Amino acid sequence: MRAYLSGILACALLAGCGGDGGVASSGSNAASLDWRRVATQADRGRLRGWRGAWINALSHADPKEIAREPALFDPDHSIAGAMPPAGAYRCRTFKLGARNGIGPSFTAYGWFPCRIDRNLRGELVFDKAGGSQRPVGRIYADTDTRSIFLGTLVLGDETRALDYGRDAGRDMAGVIERIAPKRWRMVLPYPRFESVLDVVDLVPAG
């Protein structure tokens, strides 16, 4: 049931569902759709500046905190297989760097359940199930070592995500990389709130 609801949400969020019916295979148009045709101009700019955001954020974060997770916080570390498989995950968010020097330079949050499912058009959809800030959106193939996340931020007790591109303050854009055989990270450069860089740690549940 949750996979079905995630599919419906993703259709409403980003593309709208046609009458294609059924779940498409991984070789469908979902894998070949160019994220650049979907991303807003502002988000294309944020994604181009991903490395600068990393360097900026790391320069302000506590080196001791960074050293605890060397693979997670190394901007140059990634391996092949950037498209994570569908399934249940555990995820946790780290916020690095203080926006305009206001607030902490490193914040770590606990684990939350999240999912990656295929909607009715075969598109991968990420959905963070808990917390006061919940990214929801689609994952697009890019290269073998990175995929792209485009979505929106659901806040508080909201039950439905805004359409991507409707509210720049809610739009999210990130890079997904595989950093271990069963571990991925989603890197969100220059998010709208609080930090310079958000890093979401993704590990299959169970």
Side-chain angles (χ1 to χ4, degrees), residues 2-20 23-24 26 28-54 57 82-84 86 89 91 93 95 99-100 114-143 146-177 184-200 202:
R2 183 170 181 80
Y4 174 77
L5 292 175
S6 294
I8 297 298
L9 175 61
C11 290
L13 173 66
L14 293 172
C17 283
D20 46 354
V23 177
S26 60
S28 72
N29 63 340
S32 60
L33 181 63
D34 189 346
W35 62 268
R36 297 168 187 82
R37 297 176 58 188
V38 179
T40 64
Q41 182 175 354
D43 283 347
R44 290 195 297 270
R46 283 200 282 183
L47 290 170
R48 283 194 300 270
W50 71 271
R51 186 172 181 79
W54 261 117
M83 290 291 281
Y89 286 78
C91 57
T93 299
K95 291 182 173 291
R99 182 65 61 87
N100 300 320
C114 50
R115 288 197 61 87
I116 296 176
D117 289 308
R118 287 196 179 275
N119 65 15
L120 297 180
R121 300 181 66 168
E123 302 153 341
L124 283 177
V125 179
F126 173 84
D127 177 11
K128 181 173 178 283
S132 59
Q133 298 182 17
R134 302 181 302 279
V136 178
R138 278 180 49 189
I139 301 172
Y140 298 80
D142 189 36
T143 71
R146 85 169 198 172
S147 53
I148 299 297
F149 170 80
L150 297 175
T152 61
L153 188 64
V154 181
L155 299 174
D157 59 357
E158 294 175 347
T159 59
R160 178 169 178 163
L162 295 174
D163 293 338
Y164 175 74
R166 180 178 177 183
D167 183 346
R170 295 287 192 95
D171 288 345
M172 305 185 76
V175 174
I176 296 178
E177 298 168 308
W184 287 259
R185 69 182 174 200
M186 181 190 300
V187 179
L188 302 159
Y190 302 113
R192 301 298 181 185
F193 303 101
E194 304 169 335
S195 54
V196 174
L197 186 85
D198 286 358
V199 180
V200 182
L202 297 168

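Keep in mind that this is a model prediction, so the values were computed, not measured.
When every heavy atom of V199 is checked against every heavy atom of W54, the shortest pair comes out as CG2-CH2, 3.9 Å. Between L124 and M83, the closest heavy-atom pair is CD1-CE, 3.5 Å. Among all heavy-atom pairs drawn from D163 and D171, the shortest one is O-OD1, 4.4 Å. Minimum heavy-atom separation, L188 to A173: CD2-O, 3.4 Å. Residues P189 and L197 share a closest heavy-atom pair of CA-CD1, 3.7 Å. The two residues K95 and D198 make their nearest non-hydrogen contact at NZ-OD2, 2.9 Å.
Of the residues I139, L47, D43, the one that meets the side chain to side chain contact (heavy atoms under 4.5 Å, CB included) test with W35 is L47.
Counting heavy atoms from C-beta on, the side chains of Q41 and R46 never come closer than 4.5 Å. Between P84 and I176, the closest side-chain pair of non-hydrogen atoms falls below 4.5 Å.
Using a 3.5 Å distance cut-off with no hydrogens or angles, the side chains of D34 and Y140 do not pair a donor with an acceptor.
With rounding to the nearest 0.5 Å, the separation of CZ in R37 from CZ in R44 is 12.0 Å. Expressed to the nearest 0.5 Å, how far NZ of K128 lies from CG of L153 amounts to 9.0 Å. Expressed to the nearest 0.5 Å, how far CZ of R118 lies from CD of E123 amounts to 9.5 Å. Atom CZ of F126 is separated from atom CD1 of I116 by 6.5 Å, given to the nearest 0.5 angstrom. Atom-to-atom distance recorded for M186:CE and S147:OG is 8.0 Å, nearest 0.5 angstrom.
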Stepwise side-chain contact (heavy atoms from CB on, under 4.5 Å) check, W184 with Y89: CA-CA 10 Å; W184 287 259; Y89 286 78; 4.2 Å; yes
side-chain contact (heavy atoms from CB on, under 4.5 Å) assessment of V196 paired with Y190: CA-CA 5 Å; V196 174; Y190 302 113; 3.9 Å; yes
Stepwise side-chain contact (heavy atoms from CB on, under 4.5 Å) test for R138 and L33: CA-CA 11 Å; R138 278 180 49 189; L33 181 63; 3.2 Å; yes
D117 vs D127, side-chain contact (heavy atoms from CB on, under 4.5 Å): CA-CA, chis, key distance, verdict: CA-CA 8 Å; D117 289 308; D127 177 11; over 6 Å; no
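Side-chain atoms of R146 do not come within 3.5 Å of backbone N or O of A82 as any donor-acceptor pair.
For E177 and R185, the salt-bridge test passes: some basic side-chain N is under 4.0 Å from an acidic carboxylate O. Comment: D142 engages R36 in a salt bridge, judged by a side-chain N to carboxylate O separation of less than 4.0 angstrom.
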